[in-house]
Amino acid sequence: MIRFDFNYEKPETILKAVEIMSDCIESNKETIYYAGGTELLTNFRKGKVHADVLIDIKGLKPLNTLKYEKGALVIGAAVSLNRIIEESHISPLNEVLREIADHTTRNSLTLGGNICGRLPYREAVLPLLALNATAVIANENGINEKPLREVFDKRMKLRHNELLVEIIVEYKNQKHFAKRITEGTDIDYPIFHLFATREDDIWNIALSGYGAFPIFESIKISSEEDPKSIIYNVFKEDAKKCSRASIEYRQHLLLCTLEDMVKGGELSEKR
Amino acid sequence: MVNSVRNDRYTEVILNINESQHQVLIKPNTLLLHTLREQVGLTGAKGGCENSDCGACTVLIDGIPKKSCMTLTIEVGDREITTIEGLNDTEIQRAFINFNGFQCGYCTSGFLLNAHALLQNKPDATEEEKKEWLSSNLCRCTGYEGIKKAVDHAQEMIQKNNK
Amino acid sequence: MLWLGGMELSSKKVITKSSLRKEGLEKVNGQVLYTNDLINPQMLHGAMKSSPHGYAKIIDIDISEAEKTVGVRAVILGADVDYNIGLYLGDKSPIARDVVRHFGEVVAVVVADTLEQALIAVGKINVTYEPLQAILSINDALDEDATLIHPDMKSYAHIDPINPEPGTNIANRTRIRKGDIEHAIKNAKAVIENSVEIPCGDHVAMEPRAAIAEIRKTGEVVITSSTQAPFVVKGLMSVFFNIEPGKIVVKAPMVGGGFGGKAGIQLEGLAYLLSLKVGGRPVKLVNTRESDLLASPGHIGLSANVILAVDDDDKFIGMDLKYQFNSGAYADYAVNISRAAAISCTGPYAVENLRCDSLCVYTNLPFATAYRGFGHIELGFAVERAIDEMAKKLNVDPYDLRRKNGIKCGDTTPVQSVLDESTGDILKCFDEVSNMLGGNIGQIDYIDEQTVRTKGIAGLWKAPAMPTNTDAGAIITFNSDGSCNIHTGVVEIGQGTKTSLAQIAAETLSITFEKVHVEMDVNTKISPSDWATAASRSLMMAGNAVYEACLDAIGQIKEVASIVLKADISKLDVKNERVFVKNKKEAGLDLSEVVLGYMYPNGSSIYGQIIGRGRYIAPKLTDIDKDTGAGHPDLEWTLGAEGVEVEVNIRTGKYKIIKAVCCLDVGLVINPDIARAQTVGGMAMGIGYTTTEAFKFNSSGKISNGTLRDFKIMRYKDAPEYEVKFLETPQEDGPFGARGLGEQSIIGMPGAISNALSRAVGEGLNVIPITAEKVWKKLMEVSHDSI
C-alpha cells in the first residue's frame, strides 16, 4: 500500500509530457515519468521514493512502438522487456533481457525503466552500450539523438524534464559473449554480469552487478597483447562488496569469465 | 480512459473484470490488488509480499500475467482483467487438483493464472519456457513437483484437444 | 488399540489410496477465505512501527502527529502494557518497553479506520533511540562479561521443564548424560571433532500472519487468526490477559502455510490489545512481508560442536555434544527446541555413552519460534557432518558407517527410553536411499576439468516434542443420506491431514470417501480440543480420535439396529453403508435409516441422532530428569534417510542439486499422493535452508535481506528431480499403523547436501547457507593447503 497521494497525468503527446514535467519542476513538485512501475511502486511502498505527480508515458505512441527502420531496431522506451524478447531479432540483446527479474515482472518492466532506474544493476544497458546503441531523447526543444555511450555514465545523464523516447540498435552480427552469475537462485540481482563484443581490435566490455553501477569500457587491444590480463586489470579495482558477494569473489568470477571468453586471443562465442 | 487525476480525489473507473463491468471509486495511488480484494470482493488474488517478488497477486491483463501489487488501478480502466474467479473448470485447475499442484493454496491463484496464460499463449511451450514463466511465482509447500506435474499434464490435454 | 493383525491391506478400500483433497476445488477456484480475506466494514485496521536498531534504549516516542492523523482511533506503546508474555518463559513485552532487542521489533501500534490511514500515522511516529552494542553471535552472548539481554530473567515466570540461568544469556539448558563418555573417548579407536553453524532464518509461509480480534459486550473475546494452534492461542490468551477460558473463542480458517511459524501466539495478543483500546471493535492486524520476516519470529540458529568416538568395529561408542541454539531476542518456542534437540541429540544412531549440553542463548537477532523439524534439522546437520568426517578419517564408505550404527528396536534413545517394535527400519532406509542414488556414495565423478559430481546421504529421526498431556478429539455427526461430518481441532495448513482423516473415517465406517464431509475451519467453541497442528502429530493423534469416534458411532448404530432388527448387537455388522445381521445381508437397514434416529412405518421414532465421540491423549509420557535427561517424553519416532547428488563447478564453486531422494518409514501410507507431496515439500525447504536462506546483518544487527527480493527461497526452475520411498513398519498404536511424516523430510537435507559438497571440495563445509562463494573459498583453502 502506498502511503502518500500523487497526481496522475496521462499526456497524449511527448511534448505535452515534457511540458507537464517542466511546469511541475518550476512549481517544485516532485514529478516522475511513469511506465511499467515495477521499480517505482516498490520504492513508493517502502517510502524510499516520493512523488507529487506521476506522468504516465506508456500510452505515448513512439514510446510504445517496436519497429525496424533502415536495418536498425527502434525500441520505444516504454516497450516491455518481454515484448522486445518476443519481437526483436537481436538475440544477444534478448538473451540479456531474458535474465532480468522474472517473466511476469518483465511483462511490465520497460526498457526505459530499466536503464533509467535507480537500482545499481540496469542490466539492459549492457548490450546496448556494447552494441553502441543510440538514445532518442525529448526535451523542451524537441527530440534529439545521441550515442548512448555519451549519455550513459554510471547512470543516464538526463536533465530532469528530459524523456527517453527510443533506443536504436543496429546489430551487425558482432561477435559477442555474455555471462551472468547470481549468488544462488537465478532470479536475483547479479553478482556478476558481463556482456562483451569485439570489432577488430576494439573490445567493448560492459559489466553490471560487479561494481556500484554499470561499467563500460571500449578497450583497444593489439594482437600481440593478452586481452585477458588487460581487461582484468581495467576492471579489477571496480569490484564492490555487497551482501551478496565479496570483492575477491567478484574478481575471481571476472577472471574465470575472461578465461572462458578469450580463447587463443579471440573472443569466444560460447556462452 | 483516465487522463488527469488530482491526488487525493477519488475518481470513478470502470473495470472489466472476468467479462463483467465494475464501477469503483479509486485514488491514483490505489493498487489493483487492493481494488480487487477490498472493493470488488474478489479475494482470490493474494498479497504475499506487495513487492513484485512472490506472484501470489498475479492476474491477467489482456491475457498477460501481471502482478496486481505492482499495478495502479488507474492504469487498467480500459483493459480486460482476469482473476482466478474468472477461470472455471479449466484444464489447469483440474490438473492442479489431480496432481497435487497445491498444498496450502495461498500461492495457487497466482500460479494458476500464470500457468493458464502460458498454456493459452504457448500451448507448445518448451521445458525452458515453462521454467521461465513459472519461476515468477513462489510456492513454499510443494517443492514445485506437483505444480510441474500438473502443468505438464494440462499441457498434454490442451495439445490433445487442439488436434 | 492394536492395529496389527487387523484388516488385511488388500481389503482396505479408502486408506492407502490417493483420495483427492477435500478442499481442492475451493483452492483452485480462489474460494478459500484465509484470515486476511475476511473483509468487512466494521473492522478497524492496525499497523505496526518497528525498530531500525538491533539493540537500543527507547528514549522517547512522540505520537502526537500520529494521533492527529485522520481516521486514527488509538496508538498503543509498550508503556501501555506493563506485563510480559511468553510461551514457556515470560520474557517479552507485547510491544517493546524501554528497550528494543532486535531489528524489526514492534515499538508502537496504530489502529485506524483504514489500513492506509494507519500506515500514514505509523509514518508520523517519531522514536528517539540510544543504540546499544548488539550481541549477535553465540560466543559473544556466552562471554562471561557479556551484556545481559534480559537482566530481569530471574523474575520471568517459566514452566518447569525449562531451566533458565539468570545472570547469563542462557534461557534454557538441557543436560543428557548416559553411560561414561570420558571412558568411551579414552578407549576409542578413533575420535573426530567437528563444529557447525546454522544462521537464523525464516519460514516464509506464503500467507503473512494475520489476526482479527473483537471483544463482545458479553465479555467474549473472539479471535480469528492464521494460526496452527487455536487451542494454544486460547490457553495463552487466558493466561496472558486473565480472561476466562470459556470467554475466548479462537477461529482458525485455513492457513496459507505454517511450518511452525504459526504454532505459537503472534499477532493475536496485539490485535486483542488494540480492540480493548477501541471499545471492543473488531481490529484486523496483518503482517507485511517485512514484518512477517522480522517482527514475527523465524527459525533458530545453531552453533554446535560434536565429538564422535568409534570402537574397533567402527561402532559409535561415544558422542560428546555441545548444542548452542541462537534464539534471538526472545525465547518463544526456542527454549523447547533446545530441549527437543537434546532429547534426540544423537540422530538415529545407537550410542551408549553420551554427554550433551543443549543451550538456548539470547542474542539481538530476530527471535525464533518452532520451525519444521523442531531442533532435529539442526542436530541432524551437526551429527551427519561429523559422521562423514569420521568416515573420511576411517576411510570407509559413509553409507556403510551409517548402516553399521543405525538405531533399532531394543536400543535406547539418548534419554534411555527403549525403542519398541514400532521403530522404523533405518537400515532399510539407508539401503533405499543408496539405491535411489545408484550406490557408491563415497565416490567422486569427474565430468570435465571444471565439473565434478558427488553424492551425500544423511539419516534422520524425529519424535513430536510436545506436552506430556497432548490430546486430540473428534466428533462425528450424520446427515439424512447416511453421510457424516467430521469435526476435529486440526487446522488445514496445507498438509492435507483432514483429507487423510476423512479416509480413516470412511474406512472405519465402511462408507465411501465422498460421503465423509470435513469441517475445514476450526472454532474452539465448537471443535473438540486439540493441542496444536504441529509436531507431525495430527494424523496419529487426531487419526486415533477419529477412529474411536467412528467405533463409537458404529456402536450406536448397532444399538438402534438391534432394536429394529430384534437382533443381538454382537451379531450385527456395519458395512457398505448398511447395518445388518452377519451373514444375512438382507436383514438390515441402510445407514440413512438409522443415523438420525429410526422412524417406524407408523411414524413413531426411537433413539435420535448418532453422535460419534472420539478422543486421544498421549499415554504414559513423562518429563525428563534434569541431571541426566532420563525419561520417556516421546510418543513415536519416524525414522528415515535422505540423499542428494550434486554437480559442482570446482572453479567458481557454483553447484546444482541434480537429484534429491528420501526414504521414510511412516508405518502406513494413508494417502500416497499427499504423503509424497508433503515429503517433497519438506525436501525442497531443506534444500533452501541449506543453500540460500539466512538472515544477513551488519554489526549493529540491522538485517539487510528482510524482503523476498533479498531473502531467497527456491523457485520452480531450481527444483531438482525428486524420488521418494516409504517403508511401512506398523506403528502399533497409530491409526491403521500410521505415524507422522509432516516435518521429517526437511531434516536430512542439510547433512546430505553438505556432505556431498564437502566430498567434492575435499574439506568440510560446515556453515549454512552453503553459497557458491563459500564453496569457492573452501576450494581455495584446499588448493593452498596442497601447495
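Residue numbers start from 1 in every chain, and the chains themselves are labelled A, B, ... in the order their sequence lines are given, proteins ahead of strands.
No more than 12 heavy atoms of other residues, nucleotides or ligands lie within 6.0 Å of CD in Gln23(B), so this atom counts as exposed by the packing criterion.
Counted by atom type alone, Asn29(C) and Glu85(B) present zero donor-acceptor pairs between their side chains at under 3.5 Å. Inspection of the Glu116(C) and Asn29(B) side chains reveals an N or O donor paired with an N or O acceptor under 3.5 Å.
Residue Glu50(B): no heavy atom, backbone or side chain, is found under 4.5 Å from chain C. Heavy atoms closer than 4.5 Å to chain C are found in the backbone of Thr142(B), but not in its side chain. In this structure, the portions of Asn98(B) lying under 4.5 Å from any heavy atom of chain C include both its backbone and its side chain. Contact annotation for Ser136(B): only backbone heavy atoms (N, CA, C, O) come within less than 4.5 Å of a heavy atom of chain C.
You'll find the side chain of Arg140(B) stays beyond 4.5 Å of the side chain of Met714(C), heavy atoms only. Between Met206(C) and Cys54(B), the closest side-chain pair of non-hydrogen atoms falls below 4.5 Å. The side-chain heavy atoms of Tyr106(B) and Met254(C), taken from C-beta on, include no pair separated by under 4.5 Å.
Below 4.5 Å, heavy atoms of chain C meet heavy atoms from Ile147(B), Lys148(B), Lys149(B), all part of residues 147-154 of chain B. Scanning residues 110-128 of chain B against chain C with a 4.5 Å heavy-atom cutoff picks out Leu112(B), ordered by number.
Most heavy-atom pairs under 4.5 Å with chain B: of the set Asp37(C), Leu708(C), Thr288(C), this distinction falls to Asp37(C).
For Arg37(B) (side chain) and Asn36(C) (main-chain N/O), a donor-acceptor pair under 3.5 Å exists by modelled atom type. With Lys27(C) contributing its side chain and Gln103(B) its backbone, the two residues share a donor-acceptor pair below 3.5 Å.
The pair Arg289(C)-Asp53(B) fails the salt-bridge criterion, with no side-chain N (NZ, NE, NH1 or NH2) lying under 4.0 Å from an Asp/Glu carboxylate O.
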